Undergrad: 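Please read through the structure below; I'll follow up with questions.
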Amino acid sequence: MQGSQQQQAYDRGITIFSPDGRLYQVEYAREAVKRGTASIGVRTKDGVVLAVDKRIRSPLMERSSVEKIHKADDHIGIASAGHVADARQLIDFARRQAQINQVRYDEPIGVETLTKSVTDHIQQYTQVGGARPFGVALIIAGIADGEPRLYETDPSGTPYEWKALAVGADRGDIREYLEEHYDEEMTLDEGVGLALAALASVNDDQLSPEGIGVATISVDDERFHELSDEEKEEHLEANDILASEDDADDEDESDADEE
């Protein structure tokens, strides 16, 4: 009982540490991320892959309006999990930073530089009164100096670099799958297959092209490319995880504000 009262005394203010050094509002923001559908990033020798679960809450909703993968710059893509509105604010910030860098230095922004700019912005909301942390995690993927780079942003404002990662629902199970099957020498197409197989592993080993989003950035052209439904279907068939029409029509409902 005493521990509960102590937590209540500290969890209402983002600027106040608890006696054991915790910021409860940041921890609550991490819980909000877990409520969002999964997003996956995979780094290969040929480029980077982003794959997301785009389950929708009603067949009346336009699928194209569910955006979880975004182009931040020609050579950088971002996937999100958590509160959609928070993600859009951070992605708009990232796009502005990319444009400012291009105008100021006449060169594309580095993936690490952009990630740290975003996390610096996130961190400010962990120490300012009257505000709350962003309830979203981002996967920032791109090519820098011919090398694939893959980063995660946390609601605390901490950047992490990964070879492969997952954020959102079922993160632990997907990470275990990636750890078991990841190979640093795989091609970009194999990276797409791994990301989709990892996503299917928590979705009854079946996915529909309309229910997922996939984007790649290749080392060869350093251009963001979002796969069409036809391209996604080819990859799903190649990996034997394409859902039948009956299964595709029976998608799980998800929270409208958390994707």
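As the structure is a computational prediction, the values presented were derived from the model and not from experiment.
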Undergrad: Testing the basics here: between P133 and P155, what is the closest heavy-atom pair and its distance to 0.1 Å?
TA: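 Between these two residues, the closest heavy atoms are CB-O, 4.3 Å.
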Undergrad: State whether a side-chain donor-acceptor pair under 3.5 Å links T187 with D189.
TA: no
Undergrad: For the residue pair S156 and T126, what are the closest heavy atoms and their distance?
TA: O-CG2, 3.8 Å
Undergrad: Any side-chain heavy atom of E161 sitting closer than 4.5 Å to one from R43?
TA: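 Side chain of E161 against side chain of R43, heavy atoms only: contact under 4.5 Å found.
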Undergrad: Using distance alone, with no hydrogens and no angle criterion, decide if D46 and T44 have a side-chain donor and acceptor under 3.5 Å apart.
TA: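 There is no such pair between these side chains.
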Undergrad: With clusters defined by side-chain heavy atoms of hydrophobic residues (ILVMFWY) lying less than 4.5 Å apart, directly or transitively, does V26 cluster with V167?
TA: no
Undergrad: Would you give the length of the straight line joining atom CG of D73 to atom CZ of F224, rounded to the nearest 0.5 angstrom?
TA: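 Separation between the atoms: 11.0 Å.
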Undergrad: Between G41 and L50, which heavy-atom pair has the shortest distance, and what is it?
TA: CA-CD2, 4.2 Å
Undergrad: Would you say K68's side chain and T37's backbone share a donor-acceptor pair under 3.5 angstrom?
TA: yes
Undergrad: Verify, without hydrogens or angle tests, whether S18 (side chain) and R22 (backbone) share a donor-acceptor contact under 3.5 angstrom.
TA: yes
Undergrad: Consider only side-chain heavy atoms of I, L, V, M, F, W and Y, link residues closer than 4.5 Å, and tell whether L178 and L207 are in one cluster.
TA: yes
Undergrad: A side-chain contact here means heavy atoms from C-beta on lying under 4.5 Å apart; do L90 and S80 qualify?
TA: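 Not touching, per the 4.5 Å side-chain cut-off.
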Undergrad: Ring-plane angle category for F93 and H121, please: parallel below 30°, perpendicular beyond 60°, tilted otherwise.
TA: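 The rings of F93 and H121 lie parallel, inter-plane angle below 30°.
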Undergrad: What I'd like to find out is whether the side chain of V52 reaches to under 4.5 Å of the side chain of I40, using heavy atoms alone.
TA: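 Contact flag for V52/I40 side chains = no.
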Undergrad: Would you say the side chain of P209 lies within less than 4.5 Å of the side chain of L236, judging by non-hydrogen atoms?
TA: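 Contact flag for L236/P209 side chains = yes.
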Undergrad: Do T113 and V111 have side chains that approach each other closer than 4.5 Å (heavy atoms only, starting at C-beta)?
TA: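 Sidechains of V111 and T113: no contact.
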Undergrad: Please round to the nearest 0.5 Å and tell me the distance separating atom CD of Q206 and atom CG of L199.
TA: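 One gets 13.0 Å once the value is rounded to the nearest 0.5 Å.
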Undergrad: Would you mind checking if E152 and R171 are paired as a salt bridge, meaning a charged N to carboxylate O distance below 4.0 Å?
TA: yes
Undergrad: Spell out, yes or no, whether I140 and L165 are grouped together once hydrophobic residues are joined by side-chain heavy atoms under 4.5 Å, including indirect joins.
TA: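 I140 and L165: separate clusters.
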Undergrad: Please determine, by modelled atom types, if K232 and S208 share a side-chain donor-acceptor pair under 3.5 angstrom.
TA: no
Undergrad: Do E27 and R30 sit within salt-bridge range, that is, some charged N less than 4.0 Å from a carboxylate O?
TA: no
Undergrad: Quick one: closest heavy-atom pair of I143 and S218, and the distance?
TA: CG1-O, 3.9 Å
Undergrad: Check whether any side-chain heavy atom of I69 sits under 4.5 Å from a side-chain heavy atom of I78, and report yes or no.
TA: no
Undergrad: Do E112 and K116 sit within salt-bridge range, that is, some charged N less than 4.0 Å from a carboxylate O?
TA: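 The answer is yes: the pair qualifies as a salt bridge.
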Undergrad: Sub-3.5 Å donor-acceptor pair from the side chain of H75 to the main-chain atoms of I109, do we have one?
TA: yes
Undergrad: Check whether any side-chain N or O of R35 sits under 3.5 Å from a backbone N or O of H83 as a donor-acceptor pair, and report yes or no.
TA: no
Undergrad: Calculate, to the nearest 0.5 Å, the distance between atoms CH2 and CG belonging to W162 and L150 respectively.
TA: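 Rounded to the nearest 0.5 Å, the CH2-CG separation comes to 9.5 Å.
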Undergrad: Hey, could you give me the CG/OG1 distance between L138 and T153, rounded to the nearest 0.5 Å?
TA: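 Going from CG on L138 over to OG1 on T153, the span is 3.5 Å.
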Undergrad: Any carboxylate oxygen within less than 4.0 angstrom of a Lys/Arg side-chain nitrogen, looking at E184 and K163?
TA: yes
Undergrad: Show the nearest heavy-atom pair for residues A195 and V49, with the distance to one decimal.
TA: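 The answer is CB-CG1, 4.1 Å.
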Undergrad: What about M186 and I174, same hydrophobic cluster or not, with Ile/Leu/Val/Met/Phe/Trp/Tyr joined at side-chain heavy-atom distances under 4.5 Å?
TA: yes
Undergrad: Atom CG in D74, atom CZ in R223: separation rounded to 0.5 Å?
TA: 4.0 Å
Undergrad: Determine yes or no for a side-chain-to-main-chain donor-acceptor pair under 3.5 angstrom, with N101 supplying the side chain and Q97 the backbone.
TA: no
Undergrad: Indicate, with yes or no, if V214 and V48 share a hydrophobic cluster defined by side-chain heavy-atom contacts under 4.5 Å among Ile, Leu, Val, Met, Phe, Trp and Tyr.
TA: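 No, no single cluster joins them.
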Undergrad: Any chance NZ of K71 has more than 12 other-residue heavy atoms, nucleotides or ligands included, within less than 6.0 Å?
TA: yes
Undergrad: State the CD1-NE2 distance between I76 and H70, to the nearest 0.5 angstrom.
TA: 14.5 Å
Undergrad: Quick check on Y125: does its OH atom have over 12 non-hydrogen neighbours (other residues, nucleotides or ligands) under 6.0 Å away?
TA: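 Not more than 12 within 6.0 Å, no.
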Undergrad: Applying ring pair (Phe, Tyr, Trp, His ring centres under 6.0 Å) to Y151 and Y160, what does each step give before you reach the verdict?
TA: CA-CA 5 Å; Y151 290 90; Y160 303 95; over 10 Å; no
Undergrad: Is there a side-chain contact between E67 and R88, using heavy atoms and a 4.5 Å cut-off?
TA: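 Not touching, per the 4.5 Å side-chain cut-off.
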Undergrad: Output yes when a side-chain donor or acceptor of D86 lies under 3.5 Å from a complementary backbone atom of G135, and no otherwise.
TA: yes
Undergrad: Run the salt-bridge test on D229 and R63 with the 4.0 Å N-O cut-off and return the result as yes or no.
TA: no
Undergrad: Treating D205 as the side-chain partner and I241 as the backbone partner, does any N or O pair qualify as donor plus acceptor under 3.5 Å?
TA: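 No, D205 side chain to I241 backbone: no donor-acceptor pair under 3.5 Å.
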Undergrad: Are the side chain of E231 and the backbone of S228 linked by a donor-acceptor contact shorter than 3.5 Å?
TA: yes
Undergrad: Within a strict 4.5 Å, meaning less than it, do heavy atoms of the T216 and H225 side chains meet?
TA: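 Touching, per the 4.5 Å side-chain cut-off.
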Undergrad: Determine the minimum heavy-atom distance between P148 and V219, stating which atoms define it.
TA: CG-CG2, 3.7 Å
Undergrad: Any donor and acceptor pair, going by atom type alone, linking the side chain of T158 with main-chain N or O of D154 inside 3.5 Å?
TA: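 Between the backbone of D154 and the side chain of T158 there is no qualifying donor-acceptor contact (under 3.5 Å).
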